[in-house]
Amino acid sequence: MCITVCVSQPRSLDRWLLCLWQRQEKLAVSRTCFNGQCELRTHWRHYGTTDIPHRTSYWSERHINKRALTNRSSRFSTNQSKDSPTNERTGPPWRVLFFGSDEFSIRCLRKLKEDLHRPESTTRSVEKLEVVCAPKRVPVREYADEHHLAVNDWPLKGSCDQFDVGVVASFGFLIPKRVIRLFPYGILNIHPSLLPRWRGASPVFHTILHGDQVTGVTVIHITPKFDVGPILQQETTPVPHRCQAMELGSVLFDKGADMLMQCLRDLPRKIEHAVDQPTTGATNAPKLSPDQSWVRWAEQSCQEIDRLCRSVGQKLPLRSMWNGRTVKLVDIVDPAVTKGLSIPVTDPTPGCAHFHKGTSTVCIRCKDGWVGFRTVVLKKKLTAQEFYNGYLSRDHLKGELFQSGSPGSS
């Protein structure tokens, strides 16, 4: 006997499935069920399916075989121990597999570890915690080793059926659908932007680079595409004035860690009420490229160069060509300071330089004004005063311009 479910109201099927699931009536899922016309996919267990379980678009005109439900639920006896690999839980504490890589990841992992080690008499969200990271020595691996957390190398080779949910924070790798399917509750991603704005590997850097005044954190259910899954929780936060990318990233991932714990405390309801991302307003945040650190003096304004330095400068110092050599420019001065300086250059050309003694900065002309730097790196790191004494003050170098592009460019 077959019944047709939720042809016109997809969200009703979500609630119906959640009710069955909470009663431990696990659902058989296959590409074609017993009578050849039954097919079902859920948020929690989707064996052998070829698609990740999105919410509303899939449910129209699907059929459920009652015999399949009965047979399947009998295989999941409530007498199973809570440590059984096949036991799916209806609430916390969860068995969590964490995917991470860098210092930002550690801020979320630390919050999970703290919850794991809370006394059993208190309400916990985490019962078991392991880590997945690249085989090389990344910060997350060092943290896990220091705190005696089990570490698994990426890509995964073993089974994940002993975990309820995965958590991703600044992982850097695309997780394929075959891995996502292994988790009854899927995988959650802490993304440091207000999705769908800044989808991709470097949202924090692009937030500063493009001068956003407001940003935030989004917790999503991941799919095999970067940052397009349904939203479980989203919160905004203002971007601090002239903050560096690492500073902003720390703020956002601290907030994201708190949001993650909120989601884990009420995970089934969060999943049930997840919403699709807006279809408008999506922007991409691709991985940083070394070429982004080259300054284009004739094309970029003071504010644009300042944002470039604050976004990429801690990882990729700004670069320019000067006297046929690559120069790195560090420790930029607030454009509001250089804007008010009196620079005695009669015909300023983009790329011309002047040492300002009062502020001890090397000021370089750009599209709409002067940009100041306190440190210049040639063969070694030099203060602005040292760079002036050794180079700018020499007669044959006084007219030398800072030029855009790589050594091979004009």
Side-chain angles (χ1 to χ4, degrees), residues 200-202 204-212 242 244-245 283-341 343-356 359-410:
S202 303
V204 176
F205 301 100
H206 286 270
T207 295
I208 293 178
L209 184 63
H210 291 81
D212 291 4
R242 294 200 74 245
Q244 303 279 343
T283 54
N284 293 322
K287 188 176 180 179
L288 294 179
S289 165
D291 289 340
Q292 288 180 272
S293 65
W294 290 99
V295 182
R296 303 186 306 277
W297 301 106
E299 302 172 20
Q300 293 175 305
S301 68
C302 297
Q303 291 294 336
E304 288 171 338
I305 296 172
D306 178 61
R307 295 199 301 263
L308 177 65
C309 186
R310 291 187 290 109
S311 62
V312 308
Q314 289 176 301
K315 289 184 175 290
L316 302 170
L318 299 192
R319 294 182 293 171
S320 184
M321 294 300 298
W322 184 82
N323 192 30
R325 302 163 65 179
T326 299
V327 175
K328 296 179 181 179
L329 303 167
V330 185
D331 195 9
I332 193 169
V333 177
D334 188 339
V337 174
T338 54
K339 184 178 181 180
L341 297 180
I343 308 294
V345 177
T346 56
D347 185 21
T349 303
C352 69
H354 174 79
F355 174 70
H356 189 268
T359 57
S360 294
T361 58
V362 173
C363 296
I364 306 173
R365 184 72 184 186
C366 64
K367 177 182 177 181
D368 65 349
W370 296 89
V371 185
F373 298 91
R374 294 192 177 95
T375 305
V376 178
V377 182
L378 286 169
K379 291 182 179 180
K380 63 178 182 178
K381 185 178 290 188
L382 304 172
T383 66
Q385 180 72 63
E386 291 170 337
F387 180 69
Y388 171 75
N389 292 340
Y391 297 94
L392 282 184
S393 61
R394 297 183 180 182
D395 291 338
H396 68 285
L397 294 176
K398 284 184 178 180
E400 194 70 33
L401 297 178
F402 282 83
Q403 297 177 346
S404 307
S406 59
S409 64
S410 57

Peer 1: Whether the side chain of Arg325 engages the backbone of Met321 through a donor-acceptor N/O pair (distance < 3.5 Å, no angle test) should be reported.
Peer 2: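 Judged by distance alone, no pair lies under 3.5 Å.
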Peer 1: May I ask you to decide if Arg296's main-chain N or O and Glu299's side chain share a donor-acceptor pair within less than 3.5 Å?
Peer 2: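 Answer holds: no.
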Peer 1: Just by distance, with hydrogens left out, do Thr326 and Arg319 show a side-chain donor and acceptor under 3.5 Å apart?
Peer 2: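 Distance-only check fails for Thr326 and Arg319.
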Peer 1: State whether the side chain of Gln300 and the backbone N or O of Trp297 hold a donor-acceptor pair below 3.5 Å, judged by distance alone.
Peer 2: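 No: the side chain of Gln300 does not pair with the backbone of Trp297.
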Peer 1: Hey, is the main chain of Ala245 close enough, under 3.5 Å, to the side chain of Ser311 for a donor-acceptor pair?
Peer 2: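 Side chain of Ser311 to backbone of Ala245: no pair is present.
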Peer 1: Suppose we screen for salt bridge (Lys or Arg N to Asp or Glu O under 4.0 Å). Which residues come up paired with Asp347, at least two apart in sequence or across chains?
Peer 2: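 Checked Asp347 against salt bridge (Lys or Arg N to Asp or Glu O under 4.0 Å); zero matches.
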Peer 1: Would a distance-only check, ignoring hydrogens and angles, find a side-chain to backbone donor-acceptor pair under 3.5 Å from Ser202 to Phe205?
Peer 2: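 Here the side-chain-to-backbone pair does not exist.
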Peer 1: Would you mind telling me which of Phe355, Trp322, Phe373 makes a ring-ring contact (aromatic ring centres under 6.0 Å, His included) with Phe387?
Peer 2: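 That would be Trp322; it is the only one of Phe355, Trp322, Phe373 passing the ring-ring contact (aromatic ring centres under 6.0 Å, His included) with Phe387.
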Peer 1: Keeping the roles fixed (side chain from His354, backbone from Ile364), state whether a donor-acceptor pair exists under 3.5 Å.
Peer 2: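 No, His354 side chain to Ile364 backbone: no donor-acceptor pair under 3.5 Å.
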Peer 1: Mind checking the CG-CG spacing from Leu378 to Asn323? Nearest 0.5 Å is all I need.
Peer 2: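 Reported value, rounded in 0.5 Å steps: 9.0 Å.
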Peer 1: So, Arg365 side chain and Pro350 main chain: donor-acceptor pair closer than 3.5 Å or not?
Peer 2: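 No, Arg365 side chain to Pro350 backbone: no donor-acceptor pair under 3.5 Å.
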Peer 1: Would you check, one step at a time, whether the test side-chain contact (heavy atoms from CB on, under 4.5 Å) holds for Trp370 with Cys352?
Peer 2: CA-CA 9 Å; Trp370 296 89; Cys352 69; 3.6 Å; yes
Peer 1: Is there a side-chain hydrogen bond (donor to acceptor under 3.5 Å, both in side chains) between Trp294 and Ser404? Walk through the geometry before answering.
Peer 2: CA-CA 7 Å; Trp294 290 99; Ser404 307; over 6 Å; no
Peer 1: Do the side chain of Thr361 and the main chain of Cys363 share a donor and acceptor less than 3.5 angstrom apart?
Peer 2: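 Not confirmed, Thr361 side chain does not pair with Cys363 backbone.
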